[in-house]
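We name chains A, B, ... by the order of the sequence lines, and we start the count at 1 in each one.
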There are 2 protein chains.
Amino acid sequence: MPSPSARDLLIARGVRCTPPRIAIARLLLEGPPRHVTAEQLHDELARSGHPVALATVYNTLHHLCAAGLLAPLHVERGRSWFDTDPRPHHHLLHEDTGEITDIPLLDLPLPRLPEGTELVRADLIVRVRGR
Amino acid sequence: MPSPSARDLLIARGVRCTPPRIAIARLLLEGPPRHVTAEQLHDELARSGHPVALATVYNTLHHLCAAGLLAPLHVERGRSWFDTDPRPHHHLLHEDTGEITDIPLLDLPLPRLPEGTELVRADLIVRVRGR
DNA sequence: GTACGTGCAAACGTTTTGCAGCGGG
DNA sequence: CCCGCTGCAAAACGTTTGCACGTAC
């Protein structure tokens, strides 16, 4: 089964189709899951012939997160990463290289949540070093 | 058993005792575990009559992390948190209030690590919302 | 005595904001 | 037609750096 078209994904989630959003959705949502930063994506858009202002890249990334098409990823100080696979799963961070890889969903033991709160997400980041 | 004195902790870990470091260690290492940001600590030092330059606060926090007296905590974009309890445990983040609370060490199922890498730490952050 | 810590201010990289103009629905 | 998106540049934010001076050991 081929990936659904970027346009259809946007429409399905009620996100307005504009040229920058379509270009971004095409790069991120058609094809295999990846992790990107805003800066990376900004460069990639320019190189692919669809230059988009950095501010618009951030805007769109946040919109796509809110729409559930991306997941934000906080692994290190400074940069924000975005995961093109919004389904629950975990991450392994190689601290020497900065490389992030996915870990299939582990069945984590979760604590009892405080009264009246609901779970948003449980992020597990396994940090490793070495060769 | 009373907490060991801040001075003794620094000496035991081979950290030079200077006035800013002693003031910071006193605030952070004597007393119950807490989570602080550099900015918070900077204010607190000023209010307690031991003003320290912000750059020195950062410097010292990093030194204390390297010495194993603190643990860094990456929960959100932008700010870095420091945990005064360096023993392994996990965290619950209330996304509406920004409040961070500790979760006792859970027995997490960990994936096989890549060849030749060693585990640094496994951080679990449980994100919740609501009342 | 010397290596290292300190304060200050200025630089840094990433993200956000303000605003005028454009374009999707 | 109008609301919301866009690009641009400037500002904001937390953090780091460079340097002259001072101090722990």
Side-chain angles (χ1 to χ4, degrees), chain A residues 5-27 35-46 48-67 69-70 72-82 98 100, chain B residues 5-27 35-46 48-67 69-70 72-82 98 100:
Chain A
S5 90
R7 233 193 181 91
D8 291 347
L9 283 171
L10 295 179
I11 293 168
R13 300 302 182 110
V15 179
R16 254 203 211 183
C17 288
T18 66
R21 292 179 181 186
I22 293 166
I24 289 172
R26 270 219 251 274
L27 280 178
H35 311 105
V36 288
T37 64
E39 193 80 29
Q40 269 177 22
L41 178 55
H42 179 246
D43 290 354
E44 210 171 311
L45 286 160
S48 76
H50 298 84
V52 173
L54 186 53
T56 301
V57 173
Y58 277 105
N59 245 323
T60 301
L61 287 171
H62 292 150
H63 272 121
L64 297 183
C65 281
L69 291 168
L70 298 179
L73 196 46
H74 309 271
V75 295
E76 51 181 0
R77 203 207 65 56
R79 295 211 292 228
S80 294
W81 290 85
F82 296 85
I100 300 171
Chain B
S5 91
R7 231 192 183 92
D8 291 347
L9 282 171
L10 295 179
I11 292 169
R13 300 302 181 109
V15 179
R16 261 203 207 183
C17 288
T18 66
R21 290 178 183 187
I22 293 167
I24 289 171
R26 270 219 252 275
L27 281 178
H35 310 104
V36 289
T37 65
E39 193 80 30
Q40 270 177 21
L41 179 55
H42 179 245
D43 289 355
E44 211 171 311
L45 285 160
S48 74
H50 296 85
V52 172
L54 186 54
T56 301
V57 172
Y58 277 106
N59 246 321
T60 301
L61 287 171
H62 292 149
H63 273 120
L64 298 183
C65 280
L69 291 168
L70 298 179
L73 197 46
H74 309 271
V75 295
E76 51 182 359
R77 203 206 65 60
R79 295 211 293 228
S80 294
W81 290 83
F82 296 85
I100 301 172

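For A/A55, the side-chain atoms get nearest to C/dT17 when compared with the rest of C/dT17, D/dC25, D/dT16. Picking from C/dT14, D/dG7, C/dC8 the nucleotide with the shortest atom distance to the side chain of A/A53 gives D/dG7. The nucleotide whose nearest atom lies closest to any side-chain atom of A/T18 is, among C/dG7, D/dT6, C/dT6, D/dT6. Taking every side-chain heavy atom of A/C17 into account, C/dG25 is the closest of D/dT6, C/dG25, C/dG7. Checking D/dG14, C/dT14, D/dG7 against every side-chain atom of A/Y58, the shortest atom distance belongs to C/dT14.
Residue B/L61 contributes atom CG, which lies 15 Å from atom P of D/dG14 at whole-angstrom precision.
Comparing B/H63 and A/V15 against DNA chain C, the residue whose closest nucleotide sits nearer the 5' end is B/H63. Place B/R16 and B/A38 on DNA chain D by their nearest nucleotides, and B/A38 ends up nearer the 5' end.
Residues B/L10 and B/R16 fail the side-chain proximity criterion, which asks for heavy atoms closer than 4.5 Å. Counting heavy atoms from C-beta on, the side chains of B/E39 and B/L54 come closer than 4.5 Å.
A/H62 has a side-chain polar atom (N or O) that falls below the 4.0 Å cut-off from OP1 or OP2 of C/dT16. At C/dG13, none of the side-chain N or O atoms of A/R77 fall inside 4.0 Å of OP1 or OP2 (strictly under the cut-off).
When heavy atoms are screened at a 4.0 angstrom cut-off, A/S80 is found touching the sugar-phosphate backbone but no base atom.
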